[in-house]
Participant: 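Got a structure here, written out as structure tokens. Questions coming.
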Amino acid sequence: MKDITFNEARHRVDELQELLWQYSHEYYVLDQPSVTDEEYDQLYYELVTLEEAFPELIHLDSPTQAVGGQLLEGFEKVAHSTPMMSLDDAFDIEELSAFDRRLQRLTASAYTYTAELKIDGLAINLRYEEGELVEAATRGDGTVGENVTENIKRIRMIPKKLTQAIDIEVRGEIYMPKRSFLELNQARELEGLEIFANPRNAAAGTIRNLDPSVTQRRKLSGFFYTIVQAEQYGVSSQDEALDLIEKLGLPVNQEHTQLQDIQDIVDYIEKYQEGRQALPYDIDGIVVKVNEFSIQNQAGFTARSPRWAVAYKFPAEEAET
Ligand SMILES: NC(=O)c1cc2c(N)ncc(C(N)=O)c2s1
């Protein structure tokens, strides 16, 4: 490496980190990479070399900070701060309308809905302290999950450091993009290994592997959609919560929208029931939530799930012929 000053190195390291994050976003979330894997790897190697020459420039959230790591003996258990609940399902429009009618009986106030794509992946809880990722846990039985922090730290798209140095817990879904799934199964077939049935199983199998370098090698990503105790952060609706999650630097699925009534939701469902094959990740339905937290609080929870949300499930896709 030609002699460069510390300041030149610092400028180039910042530039490379910015570039590599952007390229990862294009690859994982937009499925529209603007550079080849070789170009990405070349920049990544340049960053590693600079960080080795100037260790004080290594940031926790550098794309390079997810390498190495010892084999885990097993996963510790983690008790969730609040239960990670499941969603009631709706399989047709009539059930969706019944959900809406029940809500209207629970509150006299006006409310709107948010509709979000139901990502077919693995639920995850991330805990950040002073903006740094300190713990990642699977849903488990909803009350106690598995500590998979070392694996989650090796997913490029999951920030190790938020844009704000705050204590916060967020929940979302870890998923494997369709393209990564196909590449992984092709490689496994060549190696005579059993292939994964679908991207969800591949994501779960990766995160539940005790060797963190397996996660490192496989291209997983995530979308986040819940802040635990969100109102403590000054947000009063699901829409505002999604905006804050994105502002903190976590990936948020951009297909979410605020809707007025069930008919709007029916239109949204039809749009994605048709369009989901074109998405770079699997979805298995639409999550419909009351947008306003004040109304969510009025509606509350049953033993199993919130009364203010429902998962509209798409009919299972016909097996690829
Ligand atoms: N079990 C749950 O509560 C949820 C599960 C999921 C999922 N698989 N994908 C997206 C959302 C979302 N956008 O809210 C939720 S919420």
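All ligand and atom numbering here is 1-based and tracks the order in the structure. Worth saying up front: this structure is predicted, and the values here are computed from it rather than measured.
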Participant: Looking only at protein heavy atoms, which one is nearest to atom 5 (C) of ligand 1, and how far off is it?
Facilitator: Tyr225 OH, 3.6 Å
Participant: So, does Lys178 use its side chain to make a donor-acceptor pair with the main chain of Gln277 at under 3.5 Å?
Facilitator: yes
Participant: Could you tell me which residues satisfy ring pair (Phe, Tyr, Trp, His ring centres under 6.0 Å) with Tyr233, sequence neighbours excluded, listed by chain and number?
Facilitator: none
Participant: I'd like to check the ring pair (Phe, Tyr, Trp, His ring centres under 6.0 Å) partners of Phe293; sequence neighbours left out, ordered by chain and number.
Facilitator: none
Participant: Between the side chains of Glu94 and Arg101, is the shortest nitrogen-to-carboxylate-oxygen separation below 4.0 Å, so that they form an ion pair?
Facilitator: yes
Participant: Under a heavy-atom criterion of less than 4.0 Å, does Arg139 contact ligand 1?
Facilitator: no
Participant: Tell me: protein heavy atom nearest atom 14 (O) of ligand 1, and distance?
Facilitator: Lys289 NZ, 2.7 Å
Participant: Do Leu162 and Leu250 touch side chain to side chain, with heavy atoms closer than 4.5 Å?
Facilitator: yes
Participant: Looking only at protein heavy atoms, which one is nearest to atom 13 (N) of ligand 1, and what is the separation?
Facilitator: Glu116 OE1, 2.8 Å
Participant: Taking only heavy atoms of Glu173 into account, list the atoms of ligand 1 that are under 4.0 Å away from them.
Facilitator: 7 (C), 8 (N)
Participant: Starting from atom 1 (N) of ligand 1, what is the nearest protein heavy atom, named by residue and atom, and what distance separates them?
Facilitator: Met85 O, 3.5 Å
Participant: Below 4.0 Å, non-hydrogen atoms only: which portion of Lys118 touches ligand 1? Side chain, backbone, both or neither.
Facilitator: both
Participant: Within the supplied structure, the quantity of interest is the number of heavy atoms (other residues, nucleotides, ligands) at a distance under 6.0 Å from Phe301 CZ; does it exceed 12?
Facilitator: yes
Participant: Find the distance between NZ (Lys219) and CG (Leu184) and round it off to the nearest 0.5 Å.
Facilitator: 10.5 Å
Participant: Give the residue and atom name of whichever protein heavy atom lies nearest to atom 4 (C) of ligand 1, and the separation in Å to one decimal.
Facilitator: Leu87 CD1, 3.6 Å
Participant: Under 4.0 angstrom from ligand 1, any heavy atom of Asn253?
Facilitator: no
Participant: Nearest protein heavy atom to atom 9 (N) of ligand 1, by residue and atom, and its distance?
Facilitator: Ile119 N, 3.0 Å
